[in-house]
Amino acid sequence: MCLNSGDILRDRYQILAKLGEGGFARTYTAKDLVSPENPLCVVKEIGPPQSSDLRVLEEAQQQFENEVKTLKYLDKCPQIPKLIDRFQEQGKFYLIQEYIAGNPLNQELISGKQFNESEVIDLLQDILSVLAFVHSQGIIHRDIKPSNLIRRQFDGKIVLIDFGAVKAIGTLAIENGQITQTRAVGTEGYMPAEQCKNLPKFNSDIYAVGIIGIQAIAGLDIADFFNHKKTGELVWHYSTHERPMREINSKLQKILNKMVRYHFNDRYQSVAEVLQHLNSLAESPSPHSIVQRQPRKRSRKLRVILPIKTATVAAEYSIARDSRTPLASNPRLVLPDGLSGGEKILLTSSRPRLKQRGVKEFAASNSEQALNKFKESWHKEFGKDPETLIYTNNAFLEVSNAPYYTIAVVLSICRRNQESDALLCAQAKEYLRGVAQAQTEVNLALSNSSARDFPGQGFLPTKAIKGKGLKIIIADDANDEEDAKQIASSLVNQPDILAVVGHGSSEMTMHAVDIYNNNNLVLMSPGAATKELTDEPRIFFFRTQYTTRLIARDLANYLLANNQKQATILYNPRSPFGASFVEDYTNYFRDEGGGKIVGIRDFDLLINDFNAERAIEEIQGKGETAIVLVPDPHHTRSLDNAFEIIKLNGDRNWIVGAWMLMCPQMLELASQQQQKLFKKLIFSVGWHPLNSPNPEFPQQARSLWEEEGNTRIASAYDAARALIKALEMQPIPTRQGMQRILSSPDFTAWGATGTIQFNSPQNGDRQNPPSDLVHIVECRKEQFSLAFVPVKYPTAAAAGLKCN
C-alpha cells in the first residue's frame, strides 16, 4: 500500500510526494520533523520478500542490516547521499537518506541531442570517480542508469543514488529448498548479460556507465540500441538518414566499445583502467570536438584525486572542515561475498557453535564479545581451526584499538564443485595455518603478556610491524575461473589491502594474476608452481613455492640415478601445473638425461572413463617403465585415479610423483598394501620438518596446531613473512612500495624454509628454493604406522623418529 502525502513515519518523517516507483521499491520526498528547519529527505520503501518462509525473512533482515552498514560507510563520499536512518515497519524496510537538490541525468540525455566529446569525457570521469570509491569498498552498484545520477544543483557534480543491492531483498524466495533471488536487480538496457543471469561483476557497473556515455555522444534513446545476433556486441556507431552520426575520435570510440563489450572478460577490469585512458585522452583534445574544452566546474569544498598510476583505485578525499568527517585511520572494511575478516564463516565444512556466535557478534560490530567467543572456540572446540585464529587476531586488533596493516589471503575453499569440497577445505586449511601463524606472531607483540588465553602465548616468537599489528582478510575463489577473477577485482579495489597471499593453485593464479599485476597489487603465491606465471614479466607477482622445473629435475635425476631409462607420465593436460611439469620433465629426463618418454592411452587422470587397469596393463607391456604421477590437487577424481595406479602397480615399477601425493590418504593406502607398495615410491616436496633450515618452526607449528607441519603450511608462512618484512622496511607502506622492496636484490626474509629472496627484476621466482625427495618408512607410533621421511634417511630410526 502506497504512502500518501501527509503520512508520518516513526513520528518523524512526513511524506510530501512520491518520487518514483520500480519493481522493488518506492521513493518519496519527506520532511524531517525532528531536525531543525525540517530539512527535506528521501524515504525509500523496500517491499518484503516474496516468501513468508522464516528462513527467507531472516535472510532478508540480515541482508538489510548488511546493506545499511554498507551505505553508512559509503556516505563518507560526498557524491553519495548521506544515510540518516533505517527501520522496519509492517514487514517493509525503510531507508531515510539525504535529499539531493538537482536534476536527474535522464533530463539531459534527450534522444537526438548529442554531447560533444569534451562533455562526454567530463561526464564519464565524474561518474567513474564516484564508482571508484564504491568499488574500493567491494560493492557493486547494480543499477547505474541516468535517473540514478543526479546533477547536483550547487556545484554541478554527479551524485550516485539508489544502490541496487538493498532492493534485492524483495526478490528473495525459496526454490528447490534453497534461498535464491528470483529476479536480477537492475534496469533493462543498462544490465550486461552476466547481470541478467544474477551474476553481476564489478565491471557490470562499467558496462552501464559505457551505455550512458554512448547515449550522450550518439544522442540515442535506450530503445535505439541493438546487439549483433551472433556476437552479442552492441551496435551503435552508424548513421541513417533520420539519425546522422557525427565523426568521433577513434580513441574515445575505442574506450566506449571496451566499456560495453558483451563478455565481462573482454571489458575493462577496473574503473582505474578506464579513467587512465580517459585522462590520457583528455590531455590531447580531439579535432572533432564541436566546442573548445572548457574548464570543469569544481567545488571549493572537495578535491578528488584518483591515483590511477598507483596501487589504489579508490578516490582520496581532501575535505574542508565544514564538509563531512574524513575516514577513520582503520575503519572496518565493508566486504563483498566471498571475503571475510570475521563477519562470516568461509570454511563451511565445519561450523562449531562458539565460532558461529563469534562471527555473529563480529558482524554486529560487537568486537569484544566476538573476541571472547573466538578465543573460547579455539580452546574448547575440536580441532585447531586457522580461520578461527585469524578472526581472533582481527577482533583483538579492534578491541585493543591497535593500529594495523591489512593483507588478504585467497584460496579455493568450499564452493561450486561439491565433489571436491572436502579436499579443497583440507588444502585451504593448511595454507591458512601458515598465514595465521605468521599473523599471530605479529599481534602477540601487541597483546598484554598476562593474556595467557591468547593462542600462541608463551611459545611463538613475537614482533610487531613497527609497533603495528596485522589484519588478514580471507577470500574464497571457489576453484572457479570467474570467481577467481571477481575476487581479484574486488581485492584490488580495497585500498586498505596492501598485498595478497594466494591463490593456492596454478590454475586459479593464472586466471587472476594479470588483474593484480595490472592494478599494482602484489600477489605472493604459496602454491602455484607453473612456469607460465613468470615466463612473461609480471612485476607484482612473487612466489615462495618452488616451480615445476625444480620438481621435474629432482624426480628425473632420481630415476636416472636408479637406472630407469624409460618413463610414462600420467597427468591432467588441462592443468597449467600439469602441462608445465610435463614440458620440464621431458627436458630433464629425455633431452638432457637421454631417457625415453613413452605414451599410453590412459594418461589423462581427470577424464571420466579413465581405466587404471588398462593403463597398468599397457605400461607392463612396454618393458621396464617408471611411472610419473602428476594429479591435479584440486580434483578428487584425479587424485583417486593416481592412488588406483599406485595400488595396482604394487612393487613392480618405480613410481615418482609431485608433492600433492604426500598426504594421509597415501599412508592409508600404503598401510593396506604393506611393503609391496612403497619400496619404489618417491615424492618431491618443497619442505620437510626433518630437513627444515629453520628447526624452530616445525616445533612451533606442532605446538600451535597439535600436528605436524607440511609444505603448504611452510610455504604460506613464508609468503606472509616475506610480506611482513616488506611492510617493516617502508616508512609508510604502499602497494608500489611492497613491490619495490620485494624485488630489491637486498631484500631477505627469514621463514620456515630458511632465507627468502626473489629473482627480481628478472621474475618473482624464489632464489634457491628448498626442495627434497621423500619416501615412506615404517614407524608404529605414526599415523597408519607409516611416515614420510627424506630419502637420505633409509629408516625411521635413521631419521630420528621414536617409533617403539
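Heads up: numbering here begins at 1 and tracks the sequence. Keep in mind it's a predicted model, so treat the numbers as computed, not measured.
Between L742 and M524 there is a side-chain heavy-atom pair separated by less than 4.5 Å. The closest side-chain heavy-atom distance from L667 to E782 is not below 4.5 Å. Annotation: side chain of L347 is in contact with side chain of I413 (closest heavy-atom distance under 4.5 Å).
Surrounding CD of Q665 are more than 12 heavy atoms belonging to other residues, nucleotides or ligands, all under 6.0 Å away. Heavy-atom contacts from other residues, nucleotides or ligands closer than 6.0 Å to CD of E368 number 12 or fewer.
Ionic pairing of K355 and E387 is present here: one or more N-O contacts between side-chain nitrogen and carboxylate oxygen are shorter than 4.0 angstrom. Taking a cutoff of 4.0 Å between a charged side-chain nitrogen and a carboxylate oxygen, R721 and E441 qualify as a salt bridge. With respect to E430 and R433, no salt bridge is recorded, no charged nitrogen being found less than 4.0 Å from a carboxylate O. R766 and D718 are joined by a salt bridge, as a carboxylate oxygen and a charged side-chain nitrogen come within less than 4.0 angstrom of each other.
Residue W687 forms a side chain to side chain contact (heavy atoms under 4.5 Å, CB included) with just one option from F697, W659, Y717, and that option is F697.
A donor-acceptor contact closer than 3.5 angstrom links the side chains of Y546 and S684. Residues Q439 and N394 bring a donor and an acceptor atom of their side chains to less than 3.5 Å of each other.
With sequence neighbours excluded, the residues forming a salt bridge (Lys or Arg N to Asp or Glu O under 4.0 Å) with K485 are E481, listed by chain and number.
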